[in-house]
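The structure under discussion appears below in the form of structure tokens.
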Protein chains: 2
Amino acid sequence: MPSIRDVARLAGVSHQTVSRVLNDHPSIRPETKAKVLDAISVLDYRPNLAARALVTSKSNILGVLSATIGEFGPTSSIAGIEDAAREEGYSVSTLNLGATTPEAIGNAVRQLAREQVDGIVVLAPQVRVFHVLRGMTVEMPFVSLQTASGSDGVTLSADQVAGARAATEHLISLGHSDILHLAGPQDWIEAESRMRGYLDGLREADLPTFPPIRGDWTADFGYFAGQELSRRRDFTAVFAANDLMAIGLMHGFRDAGVRVPHDVSVIGFDDIPVAAHVAPTLSTVHQDFPELGRRAVRILLAQIRGEAVPEFGPLQTLLRTRESTASR
Amino acid sequence: MPSIRDVARLAGVSHQTVSRVLNDHPSIRPETKAKVLDAISVLDYRPNLAARALVTSKSNILGVLSATIGEFGPTSSIAGIEDAAREEGYSVSTLNLGATTPEAIGNAVRQLAREQVDGIVVLAPQVRVFHVLRGMTVEMPFVSLQTASGSDGVTLSADQVAGARAATEHLISLGHSDILHLAGPQDWIEAESRMRGYLDGLREADLPTFPPIRGDWTADFGYFAGQELSRRRDFTAVFAANDLMAIGLMHGFRDAGVRVPHDVSVIGFDDIPVAAHVAPTLSTVHQDFPELGRRAVRILLAQIRGEAVPEFGPLQTLLRTRESTASR
DNA sequence: TTGTAGGCGTTATCAA
DNA sequence: TTGATAACGCCTACAA
């Protein structure tokens, strides 16, 4: 592997001059620069990133801390994060959190710190992860994809509340007045936002709210909930906090003889690729996961570079009505 | 940030001794080691990975080259890769391939090489990606998750062929004799393997084979195929190369008035989480994606370390029969 | 068993 | 506009 000195020798300049060319230093004579660039391409020289990281103590690596495996939303966002990061010349080091204990989180962050990542994008949407991060002694810029709105400056949110509210209002507009919510786990920021949207929508319409059923995002839980709920007859619609649970729910209903949408309307959240193809096709709320990831990177980089943090409008969600919701 | 010399000073030894402790050098007096470890924990010292990478020209980073976004299988495998890599003290740098042109692949590999990754796990299962990699001038150990079996030493395969064959045989055992295959894209290794399993199963049973329908893995394509196939009446079962297409296919059939499994049996591949919950529930072939990732890492690390490459038995797939397949 | 000297490839600082 | 010199934090080699 050629080094900067090999380039310098070939170009007949000092290695320092090569460095200047590499870093777009302003004061350098065009013809010198040309010579250097020539030598670079002849030798197929590539700067050694480790050496650069050592001396600048900047790695040009962004860490991604995730706590979700194989799920459509987060993984789509990660793709967005990577694209945006690469575009800006950063590489991406991902780390999967097994547990979300404070200890595990601390270790993960320390590990990323060891790798000298310049900042971290967090996709571990539990409230407590957020708290742990804020309390960390390791100083490190970070952005949480699911940051609760209103948290000191670092706000980034697909408007989950508005989306959930739109879903609820859709059900209301169809004539439903007894609407249940199959919520996500208690500790999850997104679960809270979607529940809030649900509650807001109902309150605004002066309709009764029900205590939410707490799920775990999985289709299996949805199935279980469907079986259980089939015994109740005090509702005509369910808003599930994500599509997976909604699909499981419909399955549970089906097995219990409850027809969707004839007896009960169901709406989900996320618009995963199968939502349009299950039977009945699932009404849901679409969101642009990759864009969320891209925005997170822009915000993080602004923080790292000390620039003004860009203000994005809330990322729009989009209601997709399909067969699973019908008028009462 | 404390350096190795700060630790040395506090422990009253030379920085070299600290380095020895760090690297588990054999000849070091226990009490000296204790002193050093003490100083390390007092200062909360963490080795600078960039410095280490610079001098050893090993980064302890594994690159992951992927060409799939948000899909369940690959992303699950990536999780396995990360876990295994972290366990072995490696971090993971992921890079998403936009296009799979030779040029894009070359750039991606060069980028990872710049980052000094010690090896690459490739999740870009197109045949041509594999070829490009083999022909690269950049010397770099790599493992492809979907390596075609029999390719020089670096073999790693969930037994797609056997799984696809099991799926086909399941249909045959139910009394079907006219079985179509909804295949993946031409260039994909997995698509070829699954198609081969299909062909093998049919030939073994002396049943007619049909030219496969070439899909693109998406549910939308499956839907389209379902619509088209509903015009044909020369088959009673379809083996789809993945669950997403199978689910879309069932949707297409449904919309065209073809009943599954009454008129046509359908079986998929992958066992994605919703497969057990769609209507009808989808028979499919389960495979352990995370384990695939873990194995890839073990093989790659063996290559990197110059150890004997572990020989794994083919990763078993598991037939899951559900409602979408019924006897003729 | 421990310490000293040198260098990995780059950028920063200062001088020319 | 350019060049010489000194770090950055660590490891390898050799010496003690």
Side-chain angles (χ1 to χ4, degrees), chain A residues 1-40 43-61 89-91 110 113-118 305, chain B residues 1-40 43-61 89-91 110 113-118 305:
Chain A
M1 275 293 230
S3 90
I4 200 172
R5 312 190 110 93
D6 300 312
V7 175
R9 200 172 310 124
L10 183 60
V13 298
S14 78
H15 72 270
Q16 187 44 240
T17 300
V18 177
S19 174
R20 289 197 180 92
V21 171
L22 254 29
N23 295 287
D24 277 325
H25 190 92
S27 57
I28 191 153
R29 199 187 307 157
E31 78 186 55
T32 310
K33 183 169 180 174
K35 271 193 305 186
V36 171
L37 289 176
D38 226 50
I40 285 176
L43 295 177
D44 192 30
Y45 162 82
R46 315 258 161 195
N48 181 316
L49 264 27
R52 187 176 281 174
L54 176 59
V55 68
T56 60
S57 56
K58 297 204 166 304
S59 63
N60 272 28
I61 298 176
Y90 281 77
S91 32
R110 266 187 294 275
R114 261 169 59 103
E115 295 172 27
Q116 303 213 276
V117 300
D118 296 336
R305 294 167 174 162
Chain B
M1 274 295 228
S3 91
I4 202 172
R5 312 189 109 92
D6 299 312
V7 175
R9 200 173 309 125
L10 182 60
V13 299
S14 79
H15 66 104
Q16 187 42 240
T17 301
V18 177
S19 174
R20 290 197 179 93
V21 171
L22 255 30
N23 295 288
D24 277 326
H25 192 92
S27 57
I28 191 154
R29 199 187 307 158
E31 76 186 57
T32 311
K33 182 170 181 174
K35 271 194 304 186
V36 171
L37 289 175
D38 226 50
I40 285 176
L43 295 176
D44 192 30
Y45 163 81
R46 314 258 162 196
N48 181 317
L49 264 27
R52 187 175 283 174
L54 175 58
V55 69
T56 60
S57 56
K58 297 204 167 304
S59 63
N60 272 29
I61 298 175
Y90 281 77
S91 32
R110 266 187 294 276
R114 261 170 58 103
E115 294 171 28
Q116 304 213 275
V117 300
D118 296 335
R305 294 168 174 160

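Naming convention: chains lettered A, B, ... in sequence-line order (proteins, then strands); numbering from 1 in each chain. Just so it is clear, the model here is predicted, and its values are computed rather than measured.
Taking atom NE2 of A/His25 as the reference point, atom C1' of C/dT10 lies 16 Å away to the nearest angstrom. At whole-Å resolution of the value, CZ in A/Arg9 and P in D/dG3 are 14 Å apart.
Counting any heavy atom pair closer than 4.0 Å across all strands shown, B/Thr32 reaches sugar-phosphate atoms only and no base atom.
Residues A/Leu22 and A/Ile4 are in side-chain contact: their nearest non-hydrogen atoms beyond the backbone lie under 4.5 Å apart. The closest side-chain heavy-atom distance from A/Asn48 to B/Gln116 is below 4.5 Å.
Taking every side-chain heavy atom of B/Arg29 into account, C/dT1 is the closest of C/dT1, D/dA4, D/dT1.
Between A/Thr17 and D/dT2 there is no side-chain polar atom (N or O) within less than 4.0 angstrom of OP1 or OP2.
Although no hydrogens or angles enter the test, the distance criterion places no donor-acceptor pair under 3.5 Å between the side chain of A/Asp118 and the main chain of A/Lys58. Without hydrogens or angle criteria, A/Asp6 side chain to A/Ser3 main chain gives a donor-acceptor distance under 3.5 Å. Checked by atom type and distance alone, the side chain of B/Thr32 never pairs as donor or acceptor with a backbone atom of B/Ile28 at under 3.5 Å.
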Nucleotide by nucleotide, nucleotides 8-16 of chain D touches protein heavy atoms under 4.0 Å in the pattern (B base, S sugar-phosphate only, - none) BBBBBB---
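Of all the heavy atoms in A/Arg114 and B/Pro47, the pair that sits closest is NH1-CD, 3.6 Å.
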